[in-house]
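These notes are about the structure you will find just below.
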Amino acid sequence: MKKICSFIIAVLLVIVYSESWAESISGKIIMDFDLSAHTTDKEVQIWLPYPVSDSHQHITNIHVEGNYTEYAVYTDQKFQAPMIYAKWENGAKTRKLTFSFTAKRRKITRDILPARMVAWDPSDYKLYLAPNRLGPIDGEVKKLADDITEGKNTLLEKAKAVYDWTCENTYRNPKTRGCGEGNVCLLLNDPGGKCVDINSIFVALAKAAGIPAREMFGIRQGKESGQDITTWYHCWAEFYLPGNGWIPVDPADVRKM
């Protein structure tokens with residue numbers, strides 16, 4: 001799989017919000033997929049994240065081509081995440097798909113956050129306060145989150161405490177496959193991994209402390225035209241601060257540095 005670009009989703013470590021597009025990068029991303037190595041006696045399917053425009057990025061010129069027998073764009077019912085779906089019937093000797101788009105992404109930074117909390121209703125964010133299969137928020141995770149945030153009153157104070165703890169008590173393990181699995185229970189016993197692992201620890205602890213949080217997935221920006229960014233997938237985290245929206249954080253990149 002190859003991706004060529006002069007842009008891609010920027011990942012920020014610092015926490016100020018800029019409405020300006022002055023600090024932005026744009027370019028074309030090309031992804032080539034070849035699943036021809038699979039046996040020809042079985043049907044083959046592929047699911048790929050489908051990029052969409054929002055307040056921070058502008059996506060245009062989406063193009064998909066290949067020798068698939070079926071293709072569609074579907075939306076996940078729980079998280080509303082759009083996905084490309086393609087299928088090759090059994091007997092297909094080659095299975096190729098090319099997916100390209102143009103993206104413009106602006107820099108998102110936050111360095112001044114108000115200490116005063118505004119009123120909010122946790123029920124509005126129950127999806128981002130709930131556990132997931134690999135990230136429980138009870139038992140040892142809850143106990144640790146309570147210890148970390150003891151004496152902290154506001155969501156910002158608690159989020160900073162969880163962020164600091166995650167940065168100080170995890171390590172980057174270069175032997176981890178891919179970006180990691182994000183199995184929080186295993187990671188608390190051995191807190192080493194890559195971006196999915198370390199940021200999943202932050203998210204689980206934040207949720208257990210009553211802070212809405214989520215993992216975010218994207219691709220790092222390229223620095224040169226025509227650069228191969230095949231291995232540049234990245235996961236970071238965001239927590240919700242009432243009155244300020246979603247705040248990006250990345251303890252995994254702190255450990256990497």
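No experiment lies behind these values; they were computed from the predicted model shown.
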Checklist entry - Near Lys87 NZ, under 6.0 Å, is it more than 12 heavy atoms from other residues, nucleotides or ligands? => result yes

Item to check | Intermediate values then yes/no, salt bridge (charged side-chain N to carboxylate O under 4.0 Å, His left out), Asp197 and Arg255 | outcome: CA-CA 12 Å; Asp197 297 319; Arg255 297 310 312 168; over 6 Å; no

Checklist entry - Would you call Phe101 and Val64 a side-chain contact if the rule is heavy atoms closer than 4.5 Å? => result no

Checklist entry - Is it true that atom CD of Glu150 has more than 12 heavy atoms of other residues, nucleotides or ligands lying nearer than 6.0 Å? => result no

Item to check | Any side-chain donor near an acceptor of the partner, Tyr240 and Tyr125, under 3.5 Å | outcome: yes

Next on the checklist: With rounding to the nearest 0.5 angstrom, report the OG to CD distance, Ser200 to Glu181.
Outcome noted: 10.0 Å

Next on the checklist: Using only atom types and a distance under 3.5 Å, with no angle test, would you say the side chain of Ser36 pairs donor to acceptor with the backbone of Arg95?
Outcome noted: yes

Can you give each donor-acceptor pair under 3.5 Å made by side-chain atoms of residues 127-139, sequence neighbours left out, with the distance rounded to 0.1 Å?
residue, atom, partner, partner atom, Å
Asn132, OD1, Leu134, N, 3.1
Asn132, OD1, Gly135, N, 2.6

Next on the checklist: Treating Thr102 as the side-chain partner and Lys28 as the backbone partner, does any N or O pair qualify as donor plus acceptor under 3.5 Å?
Outcome noted: no

Next on the checklist: Please find the pair of heavy atoms, one from Trp120 and one from Pro242, that lie closest to each other, and give the distance.
Outcome noted: CG-CG, 3.4 Å

Checklist entry - If you measure from NZ on Lys104 to CD1 on Ile59, what distance do you get to the nearest 0.5 Å? => result 12.0 Å

Checklist entry - Quick one: are Ile25 and Arg105 in side-chain contact, heavy atoms under 4.5 Å? => result no

Item to check | With Tyr50 via ring-ring contact (aromatic ring centres under 6.0 Å, His included) - residues at least two apart | outcome: none

Checklist entry - Below 4.5 Å, heavy atoms only, C-beta onward: do Leu97 and Leu48 meet side chain to side chain? => result yes

Checklist entry - When rounded to the nearest 0.5 angstrom, what distance separates OG1 in Thr170 from NZ in Lys194? => result 14.5 Å

Item to check | Joint hydrophobic cluster, Val73 plus Ile62, side-chain heavy atoms closer than 4.5 Å | outcome: yes

Item to check | Side chain to side chain, Lys160 and Leu113, heavy atoms closer than 4.5 Å | outcome: no

Item to check | Shortest non-hydrogen contact from Trp246 toward Ala213 | outcome: CZ3-CA, 4.0 Å

Item to check | Linked, directly or transitively: Trp232 and Ile198 (ILVMFWY side chains, under 4.5 Å) | outcome: no

Checklist entry - To the nearest 0.5 Å, what is the distance between CG (Leu155) and OG1 (Thr149)? => result 10.5 Å

Next on the checklist: Check this for me: Lys142, atom NZ, are more than 12 non-hydrogen atoms of other residues, nucleotides or ligands nearer than 6.0 Å?
Outcome noted: yes

Checklist entry - Does atom CD of Gln45 have more than 12 heavy-atom neighbours, drawn from other residues, nucleotides or ligands, at distances under 6.0 Å? => result yes

Checklist entry - Are the side chain of Asn67 and the backbone of Thr94 linked by a donor-acceptor contact shorter than 3.5 Å? => result yes

Next on the checklist: A side-chain contact here means heavy atoms from C-beta on lying under 4.5 Å apart; do Ile219 and Tyr233 qualify?
Outcome noted: yes

Checklist entry - Do Val162 and Val141 share a hydrophobic cluster, counting only Ile, Leu, Val, Met, Phe, Trp and Tyr and linking them when any side-chain heavy atoms are less than 4.5 Å apart? => result yes

Item to check | Phe217 reachable from Met83 in the ILVMFWY side-chain graph, under 4.5 Å edges | outcome: no

Next on the checklist: With a 4.5 Å cut-off on side-chain heavy-atom distances among I, L, V, M, F, W and Y, is there a chain of contacts connecting Val249 to Leu205?
Outcome noted: yes

Item to check | Aromatic ring pairing Trp236/His234, orientation class (parallel under 30°, perpendicular over 60°, tilted between) | outcome: parallel

Next on the checklist: To the closest 0.5 Å, what do you measure between CZ (Arg106) and CD (Gln57)?
Outcome noted: 11.0 Å

Item to check | Nearest-0.5 Å distance that lies between atom CG in Leu144 and atom CD1 in Ile201 | outcome: 9.5 Å

Item to check | Within-4.5 Å side-chain heavy-atom neighbours: Phe239 and Leu156 | outcome: yes

Item to check | For the student: nearest non-hydrogen atoms of Val203 and Ala237, plus distance | outcome: CG2-CB, 3.9 Å

